[in-house]
Amino acid sequence: MKFRTKPLVAAVSGLFVGALCFSSGAMAAQAQDAGATASSQTQTVSIVLQLRNADELTKLINDTVDPNSPRYHQFLSVDDFAKRYAPSNDDIERVKSTLKQAGIQVNEVYRSHMVIRATGTTAQFNAFFATEVHNYKENNIVYTKPNKTITIPASIADVMLTATGLDTKPKAHAMSHNISKDSGGNMSIHSNKVSPKKNSTTTGNLPGEYTVADFAQLYNVNPLYKKHVLGQGSTIGIATLATFTPSDAYTYWESVGLNVASDKIKQIHVDGGAGTNGSGETTLDVEQSGGIAPASRVFVYDAPNTDQGFIDVFFKAADENKVDTLSVSWGEPEIAQDPSVVTGQHQAFLELAAQGISVFASAGDSGAYDINDNQGGYAYPGCSQTLTVDAPASDPLVVAAGGLTLPGLQTFYNNSGDVIGSVNVPKVRPWAWDYLQNFFITNFGEAVYYADLFPVGGGGGVSVNYDLPFYQKHLNGTQLTAPNQSLICQTSTGPQDYIDLPAFYAGRNLPDVSLNADPDTGYAEYVDGGWQYGWGGTSFVAPQLNGVTALVTQVAGTRLGYLNPQLYARFRMMGYSSNSPFVAITNGDNEYWQATHSYNPASGLGALNVLNLAESFTWYGF
């Protein structure tokens, strides 16, 4: 059976045009059906509701980031959003009544009127949604999932968008990498004969041992610190799918000489909270964002790694409306996302934008070939190389955080601590480990290279879910989707063509901006009570941009809101001039897309000059 792309109804916004998504069957092809879930088992479901007046909301959001509009930076409260754009009180009562008639108990209605949490038995939800929930086993993961697409009751079909919670399969993955881990222990940037030095407030750390102090030096943050811009009054939000140990972050900040409040971190457990798988990801998110803006507060919203958690975590942050910025370092290939998840997340991003909360997401760590993640089920050469991007970074309302490699001589060691050899990177470039290809193949063989290091690198390319947004139109360097992009995998019955992507589609380009993300020129982190070195990934860049924006928020004296139009407006005005916030990346690639002296899908608008970015929000310096 061939799974083809299919359009997703554009029901929520003029920004959101259409999606081409995997059939859910394609992604579950290897799952073993273990039979029906016990009818008496308790289930908790999130009923995601539909926005009203989406076109009007889109115009309002655009006006809030247009300096020529009287609504510039005039953001909504949660109550205002609910009154104008969410289902009415009567609609909410109708949904609650319909659930009650089915014996399903309503636990919570979000203040924004966008999510209703409800609990019932498997049998009750099977009847309510005309489906049957089954148990599945796939690659040692046990989960539940409806055996057919749910049907929304006709009496509330005009109000309800989807329901999540019956499918409990973990799908999103964290965006962090380490050369020793990724190479299967074949090589490292540190010799085990010489221990890395302890971190300090200086910027003399070696690549792989960088701290937030080195970040500040690299991207011209220090002039802001000298003016006592430390994020005072700003609140940073972290959306994550793993819990963490806050004491690790406090130890990190103390070790690098930062004085932070003892109650700097607040944890908010969404949908019962997340598990520990991926806790290092959350730790680095907090350490990086909170370290760049040491006087800020950090609210950590953690939810289970399910479709339900990956929607609710954003709605909960919007519903509380306490953070000025929000970043996420988790994602999945956009063509593998369930269409209802795409739409649900997009609605959450619309609410966040209307309330002035800037959102950042890691652009992915599989270069231009996001679906071919070598840790996933569609890796090359078992499956064809297919140009794809990551979600939720592909959403136009989100700043997609790309990755770079810093220049310099990189020396690699084997697991005995002996030098294997060196590779020179002459100029800053998009992060992609194709610069290691010849070196790695020479030492370990082609098969090992493709198993371990391909296609690792900063994500970027052209979305097939979203049209080219207005802020990227007529911008030199944006690209169309490439032709002949089909995901074809070898199976026991022969080649299987899973999906055919559209050629020459004018889709949203990502990333938007890029910073150092290569583990070989990367960072130290303090995790699980100890220091780890040589870490990177675009999971560092999203929280770093989050922290940077907390600083800019302090300078601007207001939330910044929907940030992409404001970034691109500055680029159109200033280009790569000396006072521009952007630094051009002109050589290298992300396994396919080339860096150029313009926007490009390998590095976006380029790297940042943070001082210039902050000053651009005052227009007269400070």
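Treat the numbers as computed from the prediction; the structure is a model and nothing was measured.
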The test is side chain to side chain contact (heavy atoms under 4.5 Å, CB included); show your working for Leu350 and Ile61 and say whether it passes. CA-CA 8 Å; Leu350 285 165; Ile61 291 170; 3.6 Å; yes
Between the OG1 atom in Thr162 and the CD atom in Gln50, the distance rounded to the nearest 0.5 Å is 10.0 Å
Got a second to check how far Ile116's CD1 is from Leu49's CG, nearest 0.5 Å? 5.0 Å
State, with a plain yes or no, whether a side-chain heavy atom of Thr131 is found less than 4.5 Å away from one of Thr151. no
Do Asp285 and Ser329 pass the side-chain hydrogen bond (donor to acceptor under 3.5 Å, both in side chains) test, and can you show the C-alpha distance, the side-chain angles, and the key distance before you say yes or no? CA-CA 8 Å; Asp285 285 352; Ser329 297; 2.8 Å; yes
Does a donor on one side chain and an acceptor on the other come within less than 3.5 Å for Gln355 and Asn321? yes
Could you tell me how the ring of Tyr599 sits relative to the ring of Tyr568: parallel (under 30°), tilted (30 to 60°) or perpendicular (over 60°)? tilted
Counting N and O atoms only, with roles assigned by atom type, does the side chain of Asn564 sit under 3.5 Å from a partner on the main chain of Val398, one being a donor and the other an acceptor? yes
Exactly one of Asp79, Asp319, Asp80 should register a salt bridge (charged side-chain N to carboxylate O under 4.0 Å, His left out) with Arg111. Which one does? Asp79
Assess, by modelled atom type and distance only, whether the side chains of Gln308 and Ser46 contain a donor and an acceptor separated by less than 3.5 Å. yes
Residues forming a ring-ring contact (aromatic ring centres under 6.0 Å, His included) with Phe310, sequence neighbours excluded: Phe314
Go through the side-chain N and O atoms of Thr164 and Asp307 and say whether any donor and acceptor fall under 3.5 Å apart. no
Could you check whether any side-chain heavy atom of Val300 comes within less than 4.5 Å of a side-chain heavy atom of Ile268, counting everything from C-beta outward? no
Mutual orientation of the aromatic rings belonging to Phe129 and Phe125 [parallel < 30°, tilted 30-60°, perpendicular > 60°]: parallel
Tell me yes or no: between the side chains of Gln105 and Thr119, is some donor less than 3.5 Å from an acceptor? no
Do Asp467 and Tyr505 have side-chain N/O donor and acceptor atoms under 3.5 Å apart? yes
So, Tyr471 versus Gln566: side-chain donor-acceptor pair below 3.5 Å or not? no
For residues Leu224 and Val610, determine if any side-chain heavy atom of one lies less than 4.5 Å from a side-chain heavy atom of the other. yes
Nearest 0.5 angstrom please: Phe617 CZ to Leu551 CG, how far? 12.5 Å
As a quick check of understanding, evaluate side-chain hydrogen bond (donor to acceptor under 3.5 Å, both in side chains) for Asp365 and Thr538, giving each step before the final call. CA-CA 6 Å; Asp365 286 0; Thr538 55; 2.7 Å; yes
Using the side chain to side chain contact (heavy atoms under 4.5 Å, CB included) rule, take Val328 and Ser362 through it: C-alpha gap first, then chi angles, then the decisive distance, then the call. CA-CA 7 Å; Val328 58; Ser362 301; over 6 Å; no
Glu56 side chain near Tyr85 side chain, heavy-atom distance below 4.5 Å: yes
The reported gap from CZ in Arg508 to CG in Asp512 (rounded to nearest 0.5 angstrom) is 4.0 Å
Tell me whether Ser97 contacts the main-chain N or O of Glu93 through its side chain, where contact means a donor paired with an acceptor under 3.5 Å. no
For Ser289 and Asn546, which I'm curious about, is there any donor-acceptor pair between the side chains at under 3.5 Å? no
Side chain to side chain contact (heavy atoms under 4.5 Å, CB included), that's the test. Do Ile156 and Ile152 meet it? Break it down for me. CA-CA 7 Å; Ile156 56 173; Ile152 299 173; 4.2 Å; yes
Donor-acceptor check, side chain of Gln479 to backbone of Gly477, threshold 3.5 angstrom: yes or no? yes
Go through the steps for Asp271 and Arg117 under the test salt bridge (Lys or Arg N to Asp or Glu O under 4.0 Å), then give the verdict. CA-CA 9 Å; Asp271 295 352; Arg117 298 266 295 162; 3.1 Å; yes
Walk me through whether Lys316 and Glu108 qualify under salt bridge (Lys or Arg N to Asp or Glu O under 4.0 Å). CA-CA 12 Å; Lys316 180 58 72 174; Glu108 179 186 10; 2.8 Å; yes
Can you tell me if Thr240 and Thr282 form a side-chain donor-acceptor pair at under 3.5 Å? yes
Gap separating the CG atom of Leu57 from the CG atom of Asp55, nearest 0.5 angstrom: 9.5 Å
CG of Leu161 to CD1 of Ile47: how many Å apart, nearest 0.5 Å? 10.5 Å
Does Asn277 CG have over 12 foreign heavy atoms under 6.0 Å away? no
Please determine, by modelled atom types, if Asn579 and Asn612 share a side-chain donor-acceptor pair under 3.5 angstrom. no
Below 6.0 angstrom between ring centroids: does that apply to Phe81 and His113? no
Under 4.5 Å between any side-chain heavy atoms of Phe540 and Met175, yes or no? no
Is it true that Asn509 and Thr478 share a donor-acceptor pair across their side chains at a distance under 3.5 Å? no
Quick one: does NZ or CZ of Lys264 land under 6.0 Å from the six-membered ring centre of Trp253, within 45 degrees of the ring axis? yes
Take the angle between the ring planes of Tyr110 and Phe315 and call it parallel below 30°, perpendicular above 60°, tilted in between. perpendicular
Indicate yes or no for a side-chain donor-acceptor contact from Ser112 to the backbone of Ala82 under 3.5 Å, with no hydrogens or angles considered. no
Using a 3.5 Å distance criterion without hydrogens, assess whether the side chain of Ser88 forms a donor-acceptor pair with backbone atoms of Asp91. yes
Any Asp324 side-chain heavy atom under 4.5 Å of Ser358 side chain: no
Any side-chain heavy atom of Asn305 sitting closer than 4.5 Å to one from Lys169? no
Could you verify whether a donor N or O on one side chain and an acceptor N or O on the other, from Gln43 and Thr122, lie under 3.5 Å apart? yes
I'd like to know whether Met574 forms a side chain to side chain contact (heavy atoms under 4.5 Å, CB included) with Ser616, so could you lay out the CA-CA distance, the side-chain angles of the two residues, the decisive distance to 0.1 Å, and finally the verdict. CA-CA 10 Å; Met574 292 181 275; Ser616 76; 4.2 Å; yes
Are any side-chain N or O atoms of Thr144 and backbone N or O atoms of Leu166, one a donor and one an acceptor, separated by less than 3.5 Å? yes
More than 12 heavy atoms from other groups under 6.0 Å of CG on Asp263: yes
When Asp63 is tested against each of His73, Gln74, Arg71 for side-chain hydrogen bond (donor to acceptor under 3.5 Å, both in side chains), which residue passes? Arg71
Side-chain (Glu334) to main-chain (Ala391) donor-acceptor, under 3.5 angstrom: no
Using only atom types and a distance under 3.5 Å, with no angle test, would you say the side chain of Tyr562 pairs donor to acceptor with the backbone of Leu397? no
May I have the step-by-step check of side-chain hydrogen bond (donor to acceptor under 3.5 Å, both in side chains) for Tyr219 and Gln544, ending in yes or no? CA-CA 11 Å; Tyr219 297 109; Gln544 288 168 346; over 6 Å; no
Any donor-acceptor N or O pair under 3.5 Å, side chains Asp338, Ser340: yes
